[in-house]
Number of protein chains: 2
Amino acid sequence: MSGPLRVALAGLGTVGAGVVKLIEVNRTLVERRAARPIQVVAVSARDRNRDRGIDMSAFEWVDDPVTLAARDDIDVVVELIGGSDGPALALARATLESGKALVTANKAMLAHHGIELARMAEAQGAALKYEAAVAGGIPVIKGLREGAAANEIGVVYGILNGTCNYILTTMEKEGRAFNEVLEEAQRLGFAEADPSFDIDGVDAAHKLSILASLAFGTRLDFEGVAIDGIREVEAADIAYAETLGFKVRLVGIAQADANGLFQRVHACLAPVAHPLAHVDGSLNAVVAEGNFVGRLFFQGSGAGEGPTASAVVADLIDIGRGEFGPAFAMPVDSLTALPPAAAGDRVGRVYLRFTVADRPGVLAELTAAMRDAGVSIESLIQRGNTENGGVYLVMVTHEVPERAVTDALARLHGSENILGRPMLMHILDF
Amino acid sequence: MSGPLRVALAGLGTVGAGVVKLIEVNRTLVERRAARPIQVVAVSARDRNRDRGIDMSAFEWVDDPVTLAARDDIDVVVELIGGSDGPALALARATLESGKALVTANKAMLAHHGIELARMAEAQGAALKYEAAVAGGIPVIKGLREGAAANEIGVVYGILNGTCNYILTTMEKEGRAFNEVLEEAQRLGFAEADPSFDIDGVDAAHKLSILASLAFGTRLDFEGVAIDGIREVEAADIAYAETLGFKVRLVGIAQADANGLFQRVHACLAPVAHPLAHVDGSLNAVVAEGNFVGRLFFQGSGAGEGPTASAVVADLIDIGRGEFGPAFAMPVDSLTALPPAAAGDRVGRVYLRFTVADRPGVLAELTAAMRDAGVSIESLIQRGNTENGGVYLVMVTHEVPERAVTDALARLHGSENILGRPMLMHILDF
């Protein structure tokens, strides 16, 4: 049994308080599994006096978290401040520069500065661990970095944002509108006051860029993620999808092939037989398809005090055991830099919902545009009236290159028959 | 980049050949992830001349696998011989005694000798890794040993035998009888010529005992697993279960609490909303419930050349990286020895199917026995005739201590109204 692993916590929000609680409640077990005690030495946060529902008086309070990096009585800094830059980044850099281990739950910082930080960790032989940054308590960083390490992974995708999944599955169950469910989620604390990072897909994109790097051995490329959120999803879309045998989910998907690295976050239609169609509420799930292992599926709680603390302390245990290596599974110089792959080359089925005027010739115009663009139609539903006096027209295409669908929509652009912006969702055909 | 990790393979069946193929096909990727080449140096198997569909001529052939343990030009021995004792155990002991790393897919050997082998590995500071021994390609050993390490785990359970799951889900989909589906599975190579280890639950019990040790930090106790298989499951049970909202699955379940360590493999009824109800065909899946992380769910291919090779090589990569520690997550002396918990204390719902004589008074006798034993009935179905002239009578109890059900069945023992042995399955209420 070695001496204690001495930990400083920077950031005492929900997750920070959860880490303190976990280390307290599971102290004996954690010590047995790490083969040494894990001991919180110092803490730092913006507001010293906030009630966190837990006694912090045993820990030294530090006003400036960056000073933690220089202290000889600390082995690991846990960064839970959040934000891609600012104090979180300053602390991360100072910690790794001083050769200390860094554990972080900060996907935004990793998405923007992960490669730089991994390089610093490598130079110092220090640990940089971040299981909590993606899919909360699900050990999916470890699953890709180590569990599936022997595989060439063709595609990794998943439900990476619990807020969006909660909203979509509540809309699905209760047939309610997006805005109404969002407001309720905000009241219940399932969505932030400013929900845009979640519902516009940015948070999922941060996480996806990390998964892609691990899965493919590529340099993390957040800028290369095409991002779309769930604001445009209507209750009607979810109902049509159900009729057609699908569930609507916000999915982050990454693929690496000869065309380059394709990364996209978007609301899409999962066939009901697909495991992602059964991921409800605020759960997260990740699928990776390896050339030997086949399909791996991981599911669990993607956020919240307990699950995120579980992931942070798992990282601390690994560090306590000395079981860690390069942050992105291989030295930074071994990561390949793939160019972003163009979406237009991708072949797949597409769901399209048009709001059209209720007059003769509309269907003829639409179907002619599809034909001229080379898009063939698998199913078509026309039914009911919308609030703005139009009629919904929903179609699912056969497999087509995405550029053909773009072409079809361009042909229809400006048509007086089409009211509002068409809604497009891809179908998850893995 | 260090020198190559030099590997010897003992046992060249499906998995051994898969490991050779994987290392060949994914050579570059594996080398990047392990930060060194993984190189097969020598191989050993019973029959040198068997066609394995892959060129083995580059590897030195060794007749006696145990000699591999003594060689200076080998870093890791991969034991894929199988069998709990005999040559596999001799090789495992010799390998660890010589301070070499051992990778094994041998759940039977671990279930019987895991603690002894872990102690030997510990004494030498050698790696003992066995991701392939449980749930094939799913990184569930890693998920419990490391991913969920911060949690007190209350229960771990799962579908651990792909052959049984294939048989049960085929019976479910096609309404066919057990024997017929088993024979087909044997013809198709999904079941062994001697299928008893699989269908009688022994294989799942081996795996369960390993998972329990990791989940609870307890000494592996295979003898403490209550084992039941799927031979008694009739197509009618599956149909009744479906009517009642359940799917029949062979589940291994382990729980640790104040009563001790409870371990059981049995066909049970999973509610259709439970993730295990959606695990079809030869897939495996494991659920662990941690006190901070909540429910973790892992699913993937539990057997076969590719998935098992994926797990073996993941272990090799960990060893190549130097990322390994105690085999059962903590030093053997830190594992607690829990007494087996008695099933009778357990509270749960139970499915019972009686074949009864078709005459007056039968229902009265059965329900009186239930009443007298304190078993209250939630649903009851009486319908149709069986082949032996009786009538099926199916009931699901409310939550009761298992001893009450045992008592009720004892009261009915010898009754002339009951034809054949009653079928009992527990309901998965986690």
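The chains referred to below are lettered A, B, ... by the order of the sequence lines, with proteins before strands, and numbering in each begins at 1. None of these values were measured; they are calculated from a predicted model.
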Of A:Leu29, A:Asp280, A:Ile38, the largest count of non-hydrogen pairs under 4.5 angstrom with chain B goes to A:Leu29

Heavy-atom check, side chain of B:Asn165 versus side chain of B:Arg249, under 4.5 Å | yes

Heavy-atom proximity to chain B below 4.5 Å, by part of A:Leu283 | neither

Could B:Arg145 and A:Glu323 be called an ion pair, given the rule that one side-chain N must be under 4.0 Å from one carboxylate O?
-> yes

With a 4.5 Å limit on heavy-atom distance, are the side chains of B:Tyr130 and B:Ile210 in contact?
-> yes

Between B:Glu172 and B:Lys247, is the closest basic N to carboxylate O distance under 4.0 Å?
-> yes

Relative to chain A, which of B:Glu152, B:Glu131, B:Glu305 shows the most heavy atom pairs under 4.5 Å?
-> B:Glu152

Among A:Gly300, A:Gly143, A:Gly325, which has the most heavy-atom pairs under 4.5 Å with chain B?
-> A:Gly325

When the 4.5 angstrom heavy-atom criterion is applied to A:Asn291 and chain B, the contacting part is side chain

Proximal component of A:Asn151, with respect to chain B [non-hydrogen, under 4.5 Å] | both

Region of B:Ala311 that comes under 4.5 Å of a non-hydrogen atom in chain A | neither

Check each atom of A:Ala34 against the heavy atoms of chain B and say whether the ones under 4.5 Å are side chain, backbone, both or neither.
-> neither

Sort A:Leu214 into side chain, backbone, both or neither according to what part of it lies under 4.5 angstrom from a heavy atom of chain B.
-> backbone

Decide yes or no for B:Leu80 and B:Val78: does some side-chain heavy atom of the first lie under 4.5 Å from some side-chain heavy atom of the second?
-> yes

Short side-chain to backbone donor-acceptor contact, B:Arg32 and A:Ser334, under 3.5 Å | yes

Side-chain (B:Ser310) to main-chain (B:Gly137) donor-acceptor, under 3.5 angstrom | no

The interface call for A:Arg295 against chain B, heavy-atom contacts under 4.5 Å, is backbone

When B:Ala314, B:Ser301, B:Ala149 are compared by non-hydrogen pairs under 4.5 Å with chain A, the top option = B:Ala149

Which one, B:Pro326, B:Gly217, B:Gly294, leads in non-hydrogen pairs under 4.5 Å with chain A?
-> B:Gly217

Proximal component of A:Val287, with respect to chain B [non-hydrogen, under 4.5 Å] | neither

Might you work through the side-chain contact (heavy atoms from CB on, under 4.5 Å) test for A:Glu24 and A:Val20, ending with a clear yes or no?
-> CA-CA 6 Å; A:Glu24 181 58 34; A:Val20 171; 5.5 Å; no

Ring centres of B:Phe297 and A:Phe298 under 6.0 Å apart?
-> no

Heavy-atom distance under 4.5 Å to chain B: side chain of A:Phe328, backbone, both or neither?
-> neither

With respect to chain A, which residue among B:Ile141, B:Leu22, B:Asp315, B:Leu296 yields the maximal number of heavy-atom pairs within a distance under 4.5 Å?
-> B:Leu22

What part of B:Val25 is in contact with chain A, defined as an atom under 4.5 angstrom from a non-hydrogen atom: side chain, backbone, both or neither?
-> side chain

Examine distances only and state if a side-chain atom of B:Asn26 and a backbone atom of A:Ala150 form a donor-acceptor pair shorter than 3.5 Å.
-> yes

